[in-house]
Every structure is written in structure tokens, then in C-alpha cells.
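Take a look at the structure set out below.
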Amino acid sequence: MAQVLLAASQDWIGTARLPLILSSAGIVVDVIAPADAAVMYSSRIKTATAVSGGDLAIAEKTLELASGYSRVILCDDPLLRALLVLDDPRVEALLPAPRNTVAALTDKTRFPHAAAAAGIPVPRSFAAESPDAVRKAAEDLGIVVVKGAYGFGGGSVRVAESARAAEDAARDLGLPVLVQEYLTGDSALMACLYERGRLVGAFAAQKRHLVFPRGPSASIVPWSIDDTLLDIAQRGGERFGLHGFVSFDLFRDPRTGDVRVLEINLRPVGTLPLGRRFGVDMAELFLTVLEGAAPDEPMLSRAGRLTPLFPQEMMRLKSRFGRTGGTMRWLVTPRALSDVPWGDFGLIARWRSKSL
């Protein structure tokens, strides 16, 4: 029987949802994470290993345990970065791409060059190592997004409407930074599953609501994977040797269909549980990969209606309307209850105790 180790250093909603979808496909799930992470309370895991001491301690323990599993899933960016600093040959087998590729794709100042070289369309941007370079880039691009080299969840991202504001943002984030043109259009994500560079499945969706100004997503509208998105997904897999669960953050111009990729996240994302409703069951596909029986052609999502995510949409409504008002609005939102992980009573109890 396939047995998977989920390794996490952060308490993320998407990570907490993984045991249910994987175990529902017949995969045995163990977890290594901080003791207070929500995923540790899941009723769908076999063994939970709690580790204190931060990202590096979890990375080292993950290496120690990895050999006993069909696959290790690295669930967050800080854990990936911690593994990269370890001088241990066993790290390479756990990474979702070759070590040098992971280093380039997780560095926001290096990502655009690496992606463009692979033929993946990206926004205009400049890597800036000095205030003068930041100012010049902002003058050339107009309204810009300033990104720190490392970060997640929007924490290292600032929007600047002037060169002065861009300099202030860079000073706040710390040099070097990426100065990127500000894009308008449909903000979206594309969650993919790869096996040694080959695309096995993909699920794309527009982000319609966010919990906070920069994320995470609170509700989505699923898209069909068109030729443009398919080419990006396959090209990324082949050129970067992607392996496992990976997602693309992107913008699409609704008038022209032009797509620009902002980032490639080398980890699972919280929308994976929805794939089965829209033509691509990521957990079932993952099981076929582990059994060496993945389909010859990738499974691709189809379009769908606006779909709230749990608990993100509840969190968003509570932040706007208060605990009672937000909860009532959530309860009457179409399809809101359908995304509750009813099969994981431990996780629901944990979130309820946190007054979500």
C-alpha cells in the first residue's frame, strides 16, 4: 500500500486538507510538523511526528524518516529553503526539481530570468540590487510590484505607484528585490501534478475573492485548461524537471487571453481538494503515479461555477461582517458547505476550537 509522509514547517490550511483527500484515495498518510499545526489534528493520518526547533529541525527529521515512504511531500516554502542549505546528498531525492532549479525558482529575483529562458511568459521586471536600480526600474515600468527575494503568502510583496514608493518598499523588504510591472486582468492559479517532468494532471481557476489583500484564495472559478495553459504547464515540467505537486500563479488578460506567470510554487496548494469536482481528481492521479500506472495523457480540469473554499471564505466574511454576521452570510452562500472536510472530524474540531 502506498504510504506518504507530509512534511510541513508552517500551519497552512492547504496542508491541513491533504490527509483527507490522500487517504480517501487509499494512500496511508503520516505527518511531520510543529505540534500545534492544524494538520497534526487530522483524523485521517496514521502517525504524527511533532518537531520543535523550526524549519531546519523539521528538514533534518524529514531526511531521517524519508526512506520509509513511497513519497515525501514538502508542503511549504520555508521547509524547501531549509532543505537547500543542508549539505546532504539525500536532499536531492526529496526535492520537487533539481537542487539548482529549486534555488532559482524560489528566489523571486531569479525566477523571471529562469522562466523566460524556459519559454514561459512572465511580466516585465528587473532584479535590483541598489536603490538607484530600484528607482530606474520603477521609472521605466510605472506602477510596479516590489518583491523581496524570499517570502510567501504576500508577506514580501508591495505595490508602489511611484519611484519613491518603490525605493521605500525595497528599503523595507531589504535588497536585492524584484521590481515587476503591475498587471491587471484575471488573477489565477494552476495546480499541477508531475512525474519526473511529465505533466500528469492540471487544475486551473481564477481567484475571485481573497481572505487578505494578497491571499490566500477564498473563492475560485474553475477554468478549462486551454492550449495556452497546457503549453505553460508542459513546458515548465519538461524544462525544469518538475516532480510532484506544483502550482503556477498567473494573470490572464480577459480580452486577449495572454498569460503571464508570476511564480511557480514547488508545493501543493489549498485548491487541490476541488479538482475532483471539475474533472481531475489529484489524489487518485497521485495514487496512479505511486503505483507506476499514471495515464499516458494528462487529465485536465473543466470550467465551473464560483466555488467558496473552506475555511477561507468563512474567514473572509467574518473579517468583513464580524463573527455572527460573517458566519450567517457564509451559511447561505451557495456551495459553501460542500467544501467542508466532513470526512475529517479531527480537523473540523481543531478549526472550531480556534473559532474560525
Side-chain angles (χ1 to χ4, degrees), residues 14 76-77 80-81 96-97 101-128 134 137-138 141-160 166 169-170 173 176-192 202-218 220-221 223 225-226 228-237 239-240 242 245-254 256-271:
D76 54 72
D77 304 278
L80 269 172
R81 297 296 308 175
T101 300
V102 172
L105 297 184
T106 56
D107 182 339
K108 292 178 173 60
T109 66
R110 298 174 60 191
F111 168 76
H113 177 75
I120 294 173
V122 293
R124 292 183 300 153
S125 62
F126 298 92
V134 172
L141 296 174
I143 299 177
V144 296
V145 178
V146 182
K147 298 181 177 181
Y150 305 108
F152 52 89
S156 65
V157 177
R158 308 285 187 275
V159 175
L173 294 169
V177 295
L178 183 75
V179 184
Q180 176 185 287
E181 68 174 321
Y182 181 83
L183 296 179
T184 58
D186 296 333
S187 175
L189 58 86
M190 180 166 58
C192 299
F203 169 70
Q206 180 186 352
K207 303 175 185 179
R208 286 292 293 273
H209 299 121
L210 302 177
V211 179
F212 307 113
R214 309 221 192 288
S217 301
I220 61 171
V221 177
W223 285 350
I225 302 289
D226 60 17
T228 298
L229 294 175
L230 180 59
D231 179 70
I232 289 170
Q234 290 181 323
R235 188 181 297 269
R239 299 296 179 88
F240 294 132
L242 300 178
F245 292 109
V246 173
S247 71
F248 295 70
D249 281 345
L250 54 91
F251 268 88
R252 185 171 73 178
D253 188 324
T256 65
D258 289 344
V259 172
R260 295 292 180 269
V261 175
L262 307 181
E263 295 181 4
I264 298 178
N265 299 302
L266 303 176
R267 52 174 170 76
V269 289
T271 55

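Applying the ring-ring contact (aromatic ring centres under 6.0 Å, His included) criterion to Phe245, with sequence neighbours excluded, gives Phe286.
Judged by distance alone, with hydrogens and angles left aside, the side-chain atoms of Lys108 form a donor-acceptor pair with the main-chain N or O of Gly151 at under 3.5 Å. Judged by distance alone, the side chain of Arg239 and the main-chain N or O of Ala118 form a donor-acceptor pair under 3.5 Å. No donor-acceptor pair under 3.5 Å is formed between the side chain of Asn265 and the backbone N or O of Arg267.
Using a 4.5 Å heavy-atom threshold, the side chains of Ser247 and Leu189 count as separate.
The heavy-atom pair separating Val122 from Ala115 by the smallest distance is CG1-CB, 3.6 Å. What you find for Leu105 and Leu266 is that their closest heavy atoms are CD1-CD2, 4.1 Å. Closest approach of Phe248 to Ala233, counting heavy atoms only: CZ-CA, 4.3 Å. Here the closest non-hydrogen pair linking Val179 and Ala128 is CG2-CB, 4.3 Å.
Among residues at least two apart or in separate chains, there is no salt bridge (charged side-chain N to carboxylate O under 4.0 Å, His left out) pair with a member in residues 182-191.
Ion pairing of Arg260 with Glu181 is absent here, as no side-chain N (NZ or NE/NH1/NH2) approaches a carboxylate O to less than 4.0 Å.
Atom CG of Asp76 and atom CZ of Phe152 lie 7.0 Å apart (nearest 0.5 Å).
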*Might you work through the side-chain contact (heavy atoms from CB on, under 4.5 Å) test for Met190 and Val261, ending with a clear yes or no?*
CA-CA 10 Å; Met190 180 166 58; Val261 175; over 6 Å; no
